[in-house]
Number of protein chains: 2
Amino acid sequence: MPEELGVAAGLVRLTFLVQSVYAEVCREHGLTPPQAQLLCVVTDAPRRMSDLVPTMRLEKSSLTGLVDRVERKGWVRRVASPEDGRAVTVELTASGRRLAETFRAQATDRLNEMVACMPPDVCTTFASIADRIVSEHAVPAVFPDAS
Amino acid sequence: MPEELGVAAGLVRLTFLVQSVYAEVCREHGLTPPQAQLLCVVTDAPRRMSDLVPTMRLEKSSLTGLVDRVERKGWVRRVASPEDGRAVTVELTASGRRLAETFRAQATDRLNEMVACMPPDVCTTFASIADRIVSEHAVPAVFPDAS
DNA sequence: TATTGTTATACTCTATAACTATA
DNA sequence: TATAGTTATAGAGTATAACAATA
C-alpha cells in the first residue's frame, strides 16, 4: 500500500494530464495532436517522409495520410527532392509557420501554468530530471524549444 | 537558447516517450491504449457509464463504442443497475481481470526500467514531484497502483 | 423535463499488403 | 534488388446530433 504513487503510476497519470492539456490547445487551433506534432517536427527545417517515419514512429502509409490532411489544410507542402527522384520533402507554408508558432507558444504557456503550483526550484529540478530521462532515450524533438 | 529543455518541452517529450512504452506493452497484449485504460479504470470496482465519461474524458457515445469493442473481446460486461433503470455498470470479467493484472504489471516494469538509468534517489524525487503535479490537478486513477 | 445510454453519421488515425517509380 | 512513397482496405477512436427509455 503505497503512501504515494509509484514511479510508473505517476508517469502514466502525468502523461494523461499532459495529453489532456496538449489536446485542448490543439482543439483551440483546429488541430489534432498528430497534426500539431507534424507541424512542430517540421518547424526547424523541411524533412523527408522517410525521415519523418522514425521520428514520428508511424508507418509510412500512416504518414502519407497525415501529410495529405495537413497539406489539404494548407499548412505544409510536399516538395520533390532534387537529389533523389523518389524522395519527397515536407515543409511548412507561411500560414503553417504562423500556426505552428502560436500553437507552440500557447501549449508552452499552458504547460508552464500546469506546473506553476510548485515553487520555481522544484520546477527546475523536475525539468532537469525529465530532460535527463528524455536524453537517455533519444526521444526526437517532437516539441521545439522557443528560439 | 536554452542550455537544457524548458519544462514544457520536457513534459511533451517525456509524454511522447511514456506513450510509446505504454502503447508497446498494449500491443503485446492485444490491447489498444484506450482499451487498456478502460480495463485499468474498472479494475478497482465496477463503474457506471456516466461515471466513466468524466474519468476517461470521452463523450458518452465514444465510450459506448469503446465498451462495445472491449465487451466483444470478453474482457468486460455491462450490467443493468438495480437502483436506476437507465444506468449501466461496466465490470471486468474473469479473463479481463487477468489481462488487466498482467498488463499493469508489465507496464509498471517497463516504466521502471525506463527510469532505471537514474540513481534511485533521483527516481524517488522525480516520482514525488510527478505525484504532486498529478494531485494538484485531480487526475483520475487511470493506472492503478499495485495492491 | 432532465438524465442515461445508444444509434447514426462523418472524419481522423493507424496498420498491413500491394503497387509504382526511381536508384 | 532495394528504397521512397502512394494506394487500397479495414478497423479503432472520436465527436456531434438525434433518439429511446427511465427518473
Side-chain angles (χ1 to χ4, degrees), chain A residues 16 19-20 22-24 26-42 46-91 142, chain B residues 16 19-20 22-24 26-42 46-91 142:
Chain A
F16 182 83
Q19 278 181 261
S20 299
Y22 191 92
E24 194 189 336
C26 283
R27 285 195 71 174
E28 291 168 8
H29 292 273
L31 287 163
T32 63
Q35 290 170 4
Q37 191 166 86
L38 177 63
L39 296 187
C40 288
V41 166
V42 171
R47 302 278 294 272
R48 279 196 181 179
M49 296 290 282
S50 58
D51 183 22
L52 291 172
V53 161
T55 297
M56 302 200 56
R57 300 187 186 174
L58 292 175
E59 288 302 316
K60 53 189 182 175
S61 64
S62 304
L63 183 63
T64 293
L66 179 59
V67 171
D68 283 349
R69 292 181 292 272
V70 176
E71 190 172 35
R72 211 177 300 136
K73 294 275 200 171
W75 296 323
V76 298
R77 110 187 100 234
R78 273 182 247 238
V79 178
S81 167
E83 302 127 14
D84 187 332
R86 301 167 301 179
V88 168
T89 291
V90 180
E91 61 181 40
V142 288
Chain B
F16 182 83
Q19 278 180 262
S20 299
Y22 190 93
E24 194 189 336
C26 283
R27 285 194 70 172
E28 291 168 9
H29 291 272
L31 287 163
T32 63
Q35 290 170 4
Q37 192 166 87
L38 176 63
L39 295 187
C40 288
V41 166
V42 172
R47 302 279 292 272
R48 279 195 181 182
M49 295 291 282
S50 59
D51 183 22
L52 292 171
V53 161
T55 297
M56 303 201 52
R57 300 188 186 172
L58 291 175
E59 288 302 317
K60 53 187 182 176
S61 65
S62 304
L63 183 63
T64 293
L66 178 59
V67 171
D68 282 349
R69 291 183 291 273
V70 176
E71 189 172 35
R72 212 177 301 136
K73 294 277 199 169
W75 297 323
V76 299
R77 106 187 105 236
R78 273 183 248 236
V79 179
S81 166
E83 300 127 16
D84 186 333
R86 301 166 300 177
V88 169
T89 291
V90 180
E91 62 180 40
V142 288

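Below, chain A is the first sequence line, B the second, and so on; all start at residue 1. Values below: all heavy atoms of this structure, side chains included; hydrogens, waters and symmetry mates excluded.
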Value in whole Å for how far the [atom2] atom of [N] lies from [atom1] of [X]:
X	N	atom1	atom2	result
E59(A)	dA10(D)	CD	C1'	15 Å
E83(A)	dT3(D)	CD	P	18 Å
R86(A)	dA2(D)	CZ	C1'	8 Å
L31(B)	dT14(C)	CG	C1'	16 Å
M56(A)	dT14(C)	CE	P	7 Å
R72(A)	dT6(D)	CZ	C1'	14 Å
R69(A)	dA10(C)	CZ	P	18 Å
L66(B)	dG11(D)	CG	P	17 Å

Once you apply a heavy-atom cut-off of 4.0 Å, does [X] come out as touching a base, just sugar-phosphate, or nothing?
X	value
G85(B)	sugar-phosphate
D68(B)	nothing
L63(B)	nothing

At less than 3.5 Å, do the side-chain atoms of S62(A) and the base atoms of dA15(C) form a donor-acceptor pair? yes
So, does the side chain of S61(B) form a donor-acceptor pair with the base of dT16(D) at under 3.5 Å? yes
Nearest-nucleotide check on DNA chain D, R57(B) vs K73(B); residue mapping nearer the 5' end is K73(B)
From CG (L52(A)) to OG (S50(A)), nearest 0.5 Å: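 Going from CG on L52(A) over to OG on S50(A), the span is 8.0 Å.
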Gap separating the OG1 atom of T89(A) from the CZ atom of R78(A), nearest 0.5 angstrom: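 The OG1 atom of T89(A) sits 11.5 Å away from the CZ atom of R78(A).
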Just compare [options] and give me whichever is closest to any side-chain atom of [X].
X	options	answer
R48(B)	dT3(D), dT22(D), dG5(C)	dG5(C)
V88(A)	dG13(D), dT4(C), dG5(D)	dG5(D)
R78(B)	dA23(D), dT6(C), dT12(C)	dT6(C)
S50(A)	dG13(D), dA4(D), dC13(C)	dA4(D)
T64(B)	dT6(C), dA21(C), dC13(C)	dT6(C)
R27(A)	dT16(D), dG5(D), dA12(D)	dT16(D)
M49(B)	dG13(D), dT6(C), dG5(D)	dT6(C)
L58(A)	dG5(C), dT3(D), dT14(C)	dT14(C)

Using a 4.5 Å cut-off on heavy atoms from C-beta on, say whether the side chain of W75(A) contacts that of L38(A). no
Counting C-beta onward and ignoring hydrogens, is there a side-chain heavy-atom pair between E71(B) and V76(B) closer than 4.5 Å? yes
Hey, which of these two, K60(B) or P33(A), hits DNA chain C nearer its 5' end, going by closest nucleotide?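 So the residue in question is K60(B).
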Are the side chain of Q37(B) and the backbone N or O of M56(B) linked by a donor-acceptor pair below 3.5 Å? no
With a 4.0 Å cut-off on N to O distance, would you call R57(B) and E24(A) a salt bridge? no
